[in-house]
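As structure tokens, the structure follows; a few thoughts come after it.
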Amino acid sequence: MANIDYEKINKYLNRYCSKMDGSYFLENISTLYNLTLSLARKLKTSIITDRKVRRSLKEPTQYFTLIESLDLVDKYLTEKLPMYKEDFNKAMSSGTLNILDPDDDEVTDLESYAGIDEQEHHVINVVLSHDANDPNTIIHEFLHDMNRKEKEKGSRRYISEAISIYFELDINNFMLEQGVSSEDISSLLMYRLNDCYHCSEDILIVFPLLYYFYNLGQIDEQSYQNILNFNLLPRPSDEKRFNEILSDFQKIIEKKPEYDPLHTFSYVIGTMVAFYGINQGEEFREKMVGLNDLANSGNVKNIFSHIGIDIYNDNCIKQIDAGLDKGINIISTTINKRSSKEK
């Protein structure tokens, strides 16, 4: 194990905690740490970490032309989100929404994202894969743009991924209704849950250090003993594991000095909220539309309250678990059905 540079680690943590002082992220870090730990354990023992299953779902069963994808998006907006249809058409006609085909030799920007360019124009890039992922990605990135403001408040960082992932899952259900293969939809669910698992694993390298620094201050050779003395929970299993976390974190900040843990965590909380919302039924869609309007309100607690999320409520956590379980079960059912056909 490389030597631990405590000065470098403390300098980063001091700068980050000073910048985030008073934030929802730090003030609730113990509960968010526990929530992420529970999620990582659930996903690690589920089918989504099975490499054989992931490989078996990797190849799409249906080819999508751009026209077919846009037609599905149009139908979805017409039936489920009519309030956004005009905005989508404007994004298409104005060139805000760029559809990029990797088969085109002239295409160099091979990344799907929504952002603002150097001229402060909104940009939505969608890279085609010619499968069910295309309508999914178009809606995901379009919804990001719908809650992007010139002057964004910190609250958007907690909830923008939740909004986009929710509507991504919503159009997945719509595509199933339109006859898209359950295997292709399961592949999209597999990607989303597997990505969430890896994000949770990544943020669990950071949480113990932020949690310690925020509560007890500078980190040094005595820190793990201090964790035991003050009975900080949750905590790494032993001092060896704590030192491994320190070493891994040092590598992260050496590679990315401006690394922001909240960016990674936004995918974790976003996935949890999205699966929770989908499990609430069709009527929940209206709440998520309202959440899109609230994304820049600046009060994270009120934003979560709007959709019934209370991270201190055991029943709410059970409902989040139920939503994740439903997604995992859809994948398992698809795999079991295919196995039965092959026998």
Side-chain angles (χ1 to χ4, degrees), residues 1-2 4-5 8-13 15-17 19-20 23-26 28-51 54 111-113 140 144 154 156-162 164-165 168 189-214 219 223-224 227 232-238 240-275 300 311 320-321 324 327-328:
M1 185 185 297
I4 296 170
D5 189 337
K8 181 178 288 185
I9 290 170
N10 283 313
K11 185 177 180 180
Y12 171 90
L13 292 172
R15 186 176 70 245
Y16 189 78
C17 288
K19 182 178 73 172
M20 297 291 285
S23 69
Y24 183 89
F25 186 52
L26 287 185
N28 297 278
I29 195 161
S30 173
T31 302
L32 296 176
Y33 181 8
N34 265 311
L35 196 58
T36 306
L37 194 58
S38 175
L39 171 74
R41 287 169 176 166
K42 170 190 282 290
L43 295 180
K44 186 175 184 178
T45 57
S46 74
I47 196 171
I48 68 105
T49 57
D50 188 320
R51 291 183 181 180
R54 287 208 310 277
E111 181 183 4
S112 295
Y113 66 90
H140 181 107
H144 272 317
R156 181 182 180 271
R157 301 170 68 204
Y158 295 87
I159 211 65
S160 185
E161 287 302 334
S164 283
I165 295 170
E168 165 193 314
L189 290 175
M190 174 68 89
Y191 164 79
R192 177 52 59 201
L193 288 168
N194 191 257
D195 181 68
C196 180
Y197 169 67
H198 287 294
C199 284
S200 66
E201 289 283 285
D202 288 345
I203 197 67
L204 284 172
I205 293 172
V206 187
F207 264 137
L209 309 185
L210 281 174
Y211 183 37
Y212 180 94
F213 191 91
Y214 190 64
I219 292 175
S223 290
Y224 191 75
I227 289 174
L232 281 188
L233 293 170
R235 61 175 173 245
S237 55
D238 53 36
K240 180 183 176 184
R241 178 57 189 146
F242 183 68
N243 287 331
E244 287 172 349
I245 288 171
L246 283 168
S247 180
D248 289 342
F249 182 68
Q250 183 174 318
K251 291 174 187 175
I252 291 172
I253 60 175
E254 285 174 346
K255 187 176 181 180
K256 299 179 180 178
E258 299 304 316
Y259 170 69
D260 182 1
L262 181 53
H263 176 73
T264 306
F265 182 68
S266 68
Y267 287 92
V268 175
I269 193 70
T271 302
M272 287 192 280
V273 170
F275 276 89
V300 179
I311 60 173
I320 290 174
D321 275 346
L324 292 165
I328 292 167

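No experiment lies behind these values; they were computed from the predicted model shown. Heavy-atom basis, side chains included; hydrogens, waters and symmetry copies ignored.
Separation of atoms CD1 (I203) and CG (L37) is listed at 12.5 Å; rounding is to 0.5 Å. The line from OH of Y212 to CG of L232 is 8.0 Å long, rounded to the nearest 0.5 Å. Between the CD1 atom in I320 and the CG atom in L39 there is a gap of 9.5 Å [rounded to 0.5 Å]. How far CG of L189 is from CD1 of I328: 10.0 Å, rounded to the nearest 0.5 Å. Note that the CD1 atom of I165 and the CZ atom of R192 stand 4.0 Å from one another [nearest 0.5 Å]. For the atom pair CD1 (I48) and SG (C196), the distance works out to 8.0 Å, reported to the nearest 0.5 Å.
Nearest heavy-atom pair, I205 versus I245, reported as atom, atom and distance to 0.1 Å: O-CG2, 2.9 Å. Residues I253 and I9 share a closest heavy-atom pair of CD1-CA, 4.1 Å. The shortest heavy-atom contact between C17 and L210 is SG-CD2, 4.0 Å. N194 approaches T49 most closely through the heavy-atom pair ND2-CA, 4.3 Å. Between P236 and Y224, the shortest heavy-atom distance links the atoms O-OH, 2.8 Å. Of all non-hydrogen atoms in L209 and L13, the two that sit nearest each other are O-CD1, 4.1 Å.
We find that E254 and K251 are not joined by a salt bridge, their nearest charged nitrogen and carboxylate oxygen being 4.0 Å or further apart. One finds no salt bridge joining D238 and R241 here, because no Lys/Arg side-chain nitrogen approaches an Asp/Glu carboxylate oxygen to under 4.0 Å. Salt bridge absent: K44 and E201 never bring a charged side-chain N and a carboxylate O closer than 4.0 Å.
Ring planes of Y24 and Y158: perpendicular class, angle over 60° (limits at 30 and 60°). Ring orientation note: the planes of Y33 and F207 are close to parallel, at an angle under 30° on the 30°/60° scale.
Atom CZ of R15 has more than 12 heavy atoms from other residues, nucleotides or ligands within 6.0 Å. For K255, the NZ atom is loosely surrounded, since the number of other residues' heavy atoms within 6.0 Å does not exceed 12.
Looking only at distances, a side-chain donor or acceptor of T36 sits under 3.5 Å from a matching main-chain atom of L32. S247 places no side-chain N or O within donor-acceptor distance of the main-chain N or O of E244, the cut-off being under 3.5 Å. Under the 3.5 Å distance criterion, the side-chain polar atoms of S266 are matched with a main-chain donor or acceptor of H263.
In this structure the side chain of R156 never reaches within 4.5 angstrom of the side chain of E161, judged on heavy atoms. At a threshold of 4.5 Å between non-hydrogen side-chain atoms, the residues P208 and F249 do not count as touching.
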| query | Given Y259 and Y16, is the ring pair (Phe, Tyr, Trp, His ring centres under 6.0 Å) satisfied, shown in steps? | reply | CA-CA 9 Å; Y259 170 69; Y16 189 78; 8.1 Å; no
